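I have placed the structure first, in the form of structure tokens, so that the comments after it can refer back to it.
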Amino acid sequence: GAGVSQTPSNKVTEKGKYVELRCDPISGHTALYWYRQSLGQGPEFLIYFQGTGAADDSGLPNDRFFAVRPEGSVSTLKIQRTERGDSAVYLCASSLMLAGVADTQYFGPGTRLTVL
Amino acid sequence: AQKVTQAQTEISVVEKEDVTLDCVYETRDTTYYLFWYKQPPSGELVFLIRRNSFDEQNEISGRYSWNFQKSTSSFNFTITASQVVDSAVYFCALIIQGAQKLVFGQGTRLTINP
């Protein structure tokens, strides 16, 4: 079946602008995650959704970052007043939840965000 | 807090050599899961393996094998008879029971030269 998809694959924006990054999880996966990967680093957790609600947003760096998942499927990561330090690859993952146990997370191809 | 350390930043070997990627983890939790992911130049993280903390059996899948040792908090990954297509960045990751966020190491860039 289809894997996790993310759009756009690349986004170039200017400092101070607003951006939205979209993630389409694997069909039937109730859990959805956003991570950020800076150059030469491992991915870092941003936020986790179980269904429509953000169950853990402890990784969001500040209040310029916000994510939604209104219907429990597609999610959008929103970044306001972008800064050059926001430049990174934003990765989305999804998984099944099995009796409260974290199942394997499957990742999308990522969105490379460049803030000029 | 959890931590994953991949001390080898880059490894370069000649095709057909065996290579081992090291992973050391830290956690106070007794129930946790360990993972390896492969990130080829295309950028997508590809799942390779998942082990839980109660299963220390080594695992072999084709040319890939994993050695999990709780006594040394290590979960090492060996590629036997490496191939050019194995060239990628490899990440080791940890997740504790009840949490949902993967904690990744810094990754090891593996280059297999023909």
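A quick note: this is a predicted structure, and the numbers were derived from the prediction, not measured.
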Comparing A:Ala93, A:Gly108, A:Gly110 against chain B, the one with the most heavy-atom pairs below 4.5 Å turns out to be A:Gly108

Can you tell me which portion of A:Ile47 sits under 4.5 Å from chain B's heavy atoms? Options are side chain, backbone, both or neither. neither

Chain B heavy atoms under 4.5 Å from A:Gln6: which part of the residue, side chain, backbone, both or neither? neither

Chain A heavy atoms under 4.5 Å from B:Gln6: which part of the residue, side chain, backbone, both or neither? neither

Within the 3.5 Å criterion, strictly below it, is a donor on A:Ser94 or A:Gln105 matched to an acceptor on the partner's side chain? no

I want to check a possible cation-pi pair here: B:Arg50 against B:Phe35, using under 6.0 Å from ring centre and within 45° of the ring axis as the test. no

Any A:Pro43 side-chain heavy atom under 4.5 Å of B:Phe91 side chain: yes

Can A:Glu83 and A:Arg64 be counted as an ion pair, charged N to O under 4.0 angstrom? yes

